[in-house]
2 protein chains.
Amino acid sequence: MRTDSRLPRVLHVLLHLDQTQDPVTSDQIGKMLNTNPSLVRRTMAGLREAGFVGATKGHGGGWVLAKNLDSISLAEVYAALGSPQLFAVGKSADAPTCLLEQAANRATSAALEAARETFQEKLGQVTVADLVRPHAQEIRQHQEKL
Amino acid sequence: MRTDSRLPRVLHVLLHLDQTQDPVTSDQIGKMLNTNPSLVRRTMAGLREAGFVGATKGHGGGWVLAKNLDSISLAEVYAALGSPQLFAVGKSADAPTCLLEQAANRATSAALEAARETFQEKLGQVTVADLVRPHAQEIRQHQEKL
DNA sequence: TGATTTTGTTACTTATAAAGTTACATATTC
DNA sequence: GAATATGTAACTTTATAAGTAACAAAATCA
């Protein structure tokens, strides 16, 4: 498949929404993302369900932030998108009978799961607001290690 | 795309090759992997170039191990495959001009790169031989932490 | 020598999931 | 009632590994 770019895209959108009070239409967002409004609505749906944004119809409608960006971690954004498939690499089969194949799958899965944990940890340590606060991210991560 | 299962597949093959002295044909390997000989040859090509296996043509030909499995780490196997694309998730664009998009990409890439490091570390701590030596993998990893 | 086996490689098709597109019902505002 | 937006369903496109077919080259066997 193509590379899934929904996470950076919605982060981008959230940062833009934070810069204005007025609702931003899917059409305007589509222009920011170089895509079309329908895809924007589909992609943002998860964030709406999670309560991070609100959408209103009709004249003057559009998307607005419904929560402060410093109270939303990147991990929550990823989850709101439905925790999309992270890896392009995976096991050979779900439940092979061959013991050697099982061993190969176990080792592959173990490395992938460890990587997934790191990914989730990293996302959990950063809020969306941190992204535009230079070095805040590094400081926060350093403090967590103490 | 489909999930890339080359890593567990070639690990599976290496473990099988270790169980016999005779060359194993691509056709026989194809039956183990539920695929066809041509794909086997294509997939194994990297391991041949890396010197992990050898292939001989003609009657009685096929694939044989060219190196001891306890001297091959999973990281080396992954590299021999050409270090395939690990993630299904990625940045929104390569070099966006929007500063907010840059920030979104930076954060996404940072989490992915941290995950990749974990993946590589994990693969580096295990040899192919470890896969069929129960608990050897855990012991080795525990020792590395000391 | 000539038939057979097997790899090495190229070219092409299929499968899968996100991206992209189109269309329209529904809701809100003017 | 006209215009503006979202919500959603259906469909097409794209990208990449898997899968397939075909054949030249090399090695073995009779």
Side-chain angles (χ1 to χ4, degrees), chain A residues 1-10 12-13 17 22-49 53-64 66 78 81-94 108, chain B residues 1-10 12-13 17 22-49 53-64 66 78 81-94 108:
Chain A
M1 74 194 118
R2 292 190 175 184
T3 302
D4 182 344
S5 57
R6 283 175 287 181
L7 179 59
R9 278 184 157 184
V10 299
H12 180 192
V13 172
L17 291 181
D22 301 325
V24 182
T25 66
S26 301
D27 202 75
Q28 292 173 305
I29 295 174
K31 271 157 192 153
M32 292 175 198
L33 301 184
N34 281 308
T35 185
N36 63 73
S38 215
L39 180 58
V40 170
R41 291 195 278 273
R42 198 200 298 162
T43 308
M44 296 289 289
L47 302 196
R48 174 173 25 83
E49 285 157 25
V53 296
T56 50
K57 294 178 179 178
H59 270 286
W63 300 87
V64 290
Y78 181 67
L81 290 172
S83 301
Q85 170 84 30
L86 178 56
F87 299 109
V89 166
K91 296 186 295 185
S92 65
D94 268 341
T108 303
Chain B
M1 76 191 116
R2 292 187 176 185
T3 301
D4 183 343
S5 57
R6 283 175 287 181
L7 179 59
R9 277 182 158 185
V10 299
H12 180 192
V13 172
L17 291 182
D22 301 325
V24 181
T25 67
S26 301
D27 201 76
Q28 291 173 306
I29 294 173
K31 271 159 192 153
M32 291 174 196
L33 301 184
N34 280 309
T35 185
N36 63 73
S38 216
L39 180 57
V40 171
R41 290 195 279 272
R42 197 199 302 161
T43 308
M44 295 290 289
L47 302 197
R48 173 173 26 83
E49 285 157 25
V53 295
T56 50
K57 295 178 179 177
H59 270 285
W63 300 86
V64 291
Y78 180 68
L81 290 172
S83 301
Q85 170 85 30
L86 179 56
F87 299 110
V89 166
K91 295 186 296 185
S92 66
D94 268 341
T108 304

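Because the structure is predicted, anything quoted here is derived from the model rather than measured. Proteins get letters first, then strands, A, B, ... in listed order; numbering begins at 1 in each.
Note: A/Gln28 CD to A/Asp22 CG = 9.0 Å, rounded to the nearest 0.5 Å.
A pairwise comparison of heavy atoms in A/Gln85 and A/Tyr78 identifies C-OH, 4.4 Å as the closest pair.
Between the base of D/dA18 and the side chain of B/Ser5 there is no donor-acceptor pair shorter than 3.5 Å. Taking 3.5 Å as the limit, the base of D/dA21 and the side chain of B/Ser38 contain a donor-acceptor pair of atoms between them.
Here the P atom of nucleotide C/dG20 and the CZ atom of A/Arg6 are 12 Å apart, to the nearest Å. Taking atom CG of B/Leu33 as the reference point, atom P of D/dG19 lies 9 Å away to the nearest angstrom. Taking atom CZ on B/Phe87 and atom P on C/dA18, their separation rounds to 17 Å, with Å as the unit. Atoms CG (A/Asn34) and P (C/dG20) sit 9 Å apart, rounded to a whole Å. Atoms NZ (B/Lys31) and P (C/dT6) sit 10 Å apart, rounded to a whole Å. In this structure, A/His59 atom NE2 and D/dT6 atom P are separated by 12 Å, rounded to whole Å. One atom, NZ of B/Lys57, and another, P of D/dC29, lie 17 Å apart when rounded to the nearest Å. One can place NZ of A/Lys91 at 18 Å from C1' of D/dA17, the figure rounded to the nearest angstrom.
Phosphate contact (OP1/OP2 of C/dA17, side-chain N/O of A/Arg2, threshold under 4.0 Å): absent. Contact annotation: A/Thr25 side-chain N/O to D/dA5 OP1/OP2 distance is not under 4.0 Å. Checking the phosphate oxygens (OP1, OP2) of D/dG7, a side-chain nitrogen or oxygen of A/Arg48 falls inside 4.0 Å. Under 4.0 angstrom from either OP1 or OP2 of D/dT8 there lies no side-chain N or O belonging to A/Arg42. Contact check, B/Arg9 against D/dG19: a side-chain N or O comes under 4.0 Å of OP1 or OP2. Listed pair B/Asn36 / D/dT20 meets the phosphate criterion, a side-chain N or O lying under 4.0 Å from OP1 or OP2. For the OP1/OP2 pair of C/dT6 and a distance below 4.0 Å, the side-chain nitrogens and oxygens of B/Ser26 include no atom meeting the criterion.
Ranking C/dA23, D/dG19, C/dC30 by closeness to the A/Arg41 side chain, first place goes to C/dA23.
Mapping A/Thr3 and A/Gly58 onto DNA chain D by nearest heavy atom places A/Gly58 at the nucleotide closer to the 5' end. Each of A/Gly60 and A/Glu49 lies near DNA chain D, and the nucleotide nearest A/Gly60 is the one positioned closer to the 5' end.
Inter-residue side-chain proximity for A/Met44 and A/Val53 is flagged as met; some heavy-atom pair is nearer than 4.5 Å. Counting heavy atoms from C-beta outward, B/Thr43 and B/Leu81 have side chains that approach closer than 4.5 Å. A/His12 is not listed as a side-chain neighbour of B/Ser92, based on a closest heavy-atom distance of 4.5 Å or more.
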